[in-house]
Amino acid sequence: MASSLMMASMRSINSCLVILCCFSFFKSFGEASRAGNTLKPGQVMRVGEHLESLNKKFRLQFFKESPTNYGYLVIQYMGSNAKSTVWVANRDNPQYYSSLYLNFTLDGKLVVDDGFGYAVRLNYEQTSVNSDTSATLDDSGNFVLRKGERILWQSFDHLTDTLLPGMKLGLIELMWDSASPQKRFLTSRISPEVPATGSFALGVNPDNRKQLVVWKGKEVYWRSETWNGQSFSSFFGIQKDIGYNLSYFSNENEFYFIFLGDENSYLPLIQIDWRGQIILLRENSMALNLEPSKCKGDDVFTRILGLVNGWHFIVDLGVICLRDCAEICQNNCSCDAFTCVNSSPRMCKFAQVSHGDNIDGSVGEIIFIRRSILVGNTLKPGHVMGMGEYLESFNKKFRLQFLKHSLSDYGCLVIQYMGRNAESTVWVANQLYPQYYYPSVLNFTLDRYLVIDDGYWSFVQLNIEQPGMSSDTSATLEDSGNFVLREGEQILWQSSDNPTNTLLPGMKLGLFDLNSRKPQKQFLTSWISPEVLNAGLFTLGVDPNNTKQLVVWKRDEVYWCSETWNGQNFSSLLGIQKDIGYNLSYFSNENESYFIFLVDENIYSPLLQIVWRGQIALLSENSLTINLAPSKCKDGDVFRCRISEASQGYKIDGAGETLFIRKSNLSA
């Protein structure tokens, strides 16, 4: 009996110990999942978890490359509107995203592991571990492995394509190994979407230590002038007064450039991009365009799944693979696609895409395809549309493309009506959130989101609700000028439900979901000025208290009202007449009230716009402007966007903050 009680007691104790151990394990794992800015030996960080610097400016987390299932461990700068990737741990060794984790082993190794036997180790020197060993994401964006105060490994010693304040760009450990010193250079990506090492490198000239060089492969592509002790004249954006406090250091063991930024200000970055351009990023981005593309379709390649016939093989024992294949294809404008075969010996495959090839991103092997090949009137999941590319409706009347503000570095995704003599912008996707024009893309992600991304600071997601994962999902620019996201026959999102300053035939102007607590408004909103597409002061819509009446608001105040709709027209809007193309109709039921007009698709497409001064413009063969109220200022109310230094003297010289200047002052 006593023996039985003792055994039962021992089982109870063992059970408690097991529960306690399990609790300790899950407590440790839970701490890792919300680890703050630090990992300790034995902790793991998985997909969906992150480390965040104490100042909230940086995150270490996993990033999925669209349109593949590859993942990377990255450091991202958390900008005011969006994220910018500034460091990639495993850029040339992508792993399966869904199972990735960062393991800080008990013997001091930092290992990126996908759980399928493929691991990337960050630190190679053996680390003796004690209670004072940690891996921390510092406020500078540096991921540092420390033992006490001693730094054992840090991401700042392993540059990718971005130079952060505090990073060194140069040659280090000259005395340690003079024959092969440590290079701390920037290396470009293959393309905006693919972080693998590309063709270009930015570093210090070993033969002239005060000169910067861009290499393309092993060939010198560009040189700066020699450092004058204060600046490079060719880097006119790197100036101390706008955040780039660049310095040069040299001794017998190392020489390098470094810059520091004000930790309380917007963080300045220097990047080498996939085309060899040097990008200076701060409040106002600047690209030093060292050499334009030689190909009409540009040199942007996207990684997709595809089946291509007619591959041409190049076998070369010296091929490093992706980087070399990309460079060969970029330099041959007849090359539409390439991929790398990791065989022995390594090979490159190149092809011209033909109509029999399957490049919709759904099946096949991983290939890199010139983005311009993918553009027609439709995007499929995994496709990307960049600057200089466009979707065009089948009737050739409309284009979806990026438009740069004439007097700033900002740009918008727009739909333009391709008139007989000129284009007219009829819809703006990111009217409230303009982004840096270079190098914005429209990314139709594999999880079916339409995202405008400038690659640095901000992104705008067009469709909020996630569609299903059907292979029949597409985004098409239709002959009506409507940009439509569909799954089969079902419309999931469309630009005509989100009008800006223009009413196209088929668009509805009115109130919807009247049975809900907050009805949906489909109103027109003016621009700030003819050149600045941001939302302005005026709104044209339907009077909520009399849905047969049109109203123009200036901010929240009623600015103008039409008479009540008489069933045929508005007498005050004399231009809206059926015989000149405006077949205006009114519809109303318990759930919606709106105006709509339809036209003969074979005639010049009439447009109705609310202009920046609150005027209603009727644009057809003969344009007509209904002047609701004149300007109260002698010199007019046109404002233009300028990068200006404004003081009591109003110095407008293209340097400083972004201002809107009355046009009459610019012409004075």
Side-chain angles (χ1 to χ4, degrees), residues 80-81 405 407-408 410 412 414 425-435 458 460 495-504 507-514 516-565 570 572-573 576 592-595 607-619 625-642 644 646 657-666:
S80 55
N81 297 316
H405 290 187
L407 297 174
S408 77
Y410 291 112
C412 294
V414 303
T425 298
V426 297
W427 183 76
V428 185
N430 49 331
Q431 186 178 36
L432 296 176
Y433 304 102
Q435 295 157 285
S458 63
V460 175
S495 61
S496 63
D497 288 343
N498 303 274
T500 51
N501 75 325
T502 303
L503 194 72
L504 289 170
M507 278 186 172
K508 298 175 180 179
L509 184 73
L511 294 166
F512 302 86
D513 299 328
L514 296 176
S516 66
R517 297 180 63 181
K518 190 175 182 181
Q520 178 188 346
K521 297 178 181 179
Q522 285 184 203
F523 292 176
L524 302 184
T525 305
S526 68
W527 297 347
I528 284 182
S529 79
E531 297 90 8
V532 183
L533 311 189
N534 303 60
L537 300 177
F538 297 94
T539 303
L540 170 63
V542 171
D543 187 346
N545 301 313
N546 178 6
T547 58
K548 291 186 176 182
Q549 184 181 51
L550 295 178
V551 176
V552 174
W553 290 269
K554 186 175 183 180
R555 296 192 178 93
D556 296 325
E557 299 294 324
V558 172
Y559 182 74
W560 171 86
C561 296
S562 73
E563 70 279 13
T564 299
W565 173 255
F570 293 107
S572 58
L573 300 182
I576 301 183
E592 58 187 11
S593 296
Y594 62 87
F595 288 94
L607 315 172
L608 188 150
Q609 288 184 334
I610 179 78
V611 272
W612 59 277
R613 287 189 292 190
Q615 296 170 315
I616 297 175
L618 311 176
L619 303 173
T625 300
I626 300 170
N627 200 346
L628 307 181
S631 169
K632 296 181 175 64
C633 300
K634 177 182 177 182
D635 295 323
D637 295 329
V638 183
F639 286 78
R640 286 185 171 173
C641 179
R642 276 289 174 90
S644 308
E657 62 181 330
T658 302
L659 299 177
F660 295 95
I661 307 295
R662 197 178 292 272
K663 183 179 176 182
S664 56
N665 290 338
L666 291 174

Exercise. Could you please spell out the steps behind the side chain to side chain contact (heavy atoms under 4.5 Å, CB included) verdict for Leu514 and Ser593?
Key: CA-CA 8 Å; Leu514 296 176; Ser593 296; 4.0 Å; yes
Quiz prompt | Leu537: partners by side chain to side chain contact (heavy atoms under 4.5 Å, CB included), with sequence neighbours left out | solution = Lys554, Arg555
Practice problem: With sequence neighbours left out, write down each residue that passes side chain to side chain donor-acceptor pair (under 3.5 Å) with Ser495, or none if nothing qualifies. | Solution: Asn482
Self-check item: Minimum heavy-atom distance Ile528-Ala535, with the two atoms named
Solution: CG1-O, 3.6 Å
Self-check item: Asp497 and Gln522, any side-chain heavy atoms less than 4.5 Å apart
Solution: yes
Exercise. Give me the one residue out of Trp560, Trp612, Tyr559 that meets side-chain contact (heavy atoms from CB on, under 4.5 Å) with Phe538.
Key: Tyr559
Self-check item: Leu550 backbone acceptor or donor facing Ser562 side chain under 3.5 Å
Solution: yes
Quiz item: Can you check side chain to side chain contact (heavy atoms under 4.5 Å, CB included) on Leu608 and Leu540, steps first, answer last?
Solution: CA-CA 11 Å; Leu608 188 150; Leu540 170 63; 3.7 Å; yes
Practice problem: Sequence neighbours left out, what passes side chain to side chain contact (heavy atoms under 4.5 Å, CB included) with Glu592? Give chain and number order. | Solution: Phe512, Asn589, Tyr594
Self-check item: Listed partners of Phe595 passing ring-ring contact (aromatic ring centres under 6.0 Å, His included), at least two apart
Solution: Trp565, Phe570, Tyr586
Exercise. Considering non-hydrogen atoms only, spot the tightest contact between Thr425 and Gln609 and give its length.
Key: O-NE2, 3.7 Å
Quiz item: Measuring from Ile610:CD1 to Thr500:OG1, what's the distance to the nearest 0.5 Å?
Solution: 12.0 Å
Quiz item: Closest heavy-atom contact between Cys412 and Val428?
Solution: CB-CG1, 3.7 Å
Quiz item: With sequence neighbours left out, what residues match Asp543 under side chain to side chain contact (heavy atoms under 4.5 Å, CB included)?
Solution: Asn545, Asn546, Gln549, Val551
Quiz item: Per the side-chain contact (heavy atoms from CB on, under 4.5 Å) rule, which among Thr539, Leu509, Asn501 passes with Leu524?
Solution: Leu509
Quiz prompt | Residue pairs involving residues 516-536 (criterion ring-ring contact (aromatic ring centres under 6.0 Å, His included); sequence neighbours excluded) | solution = Phe523-Trp553
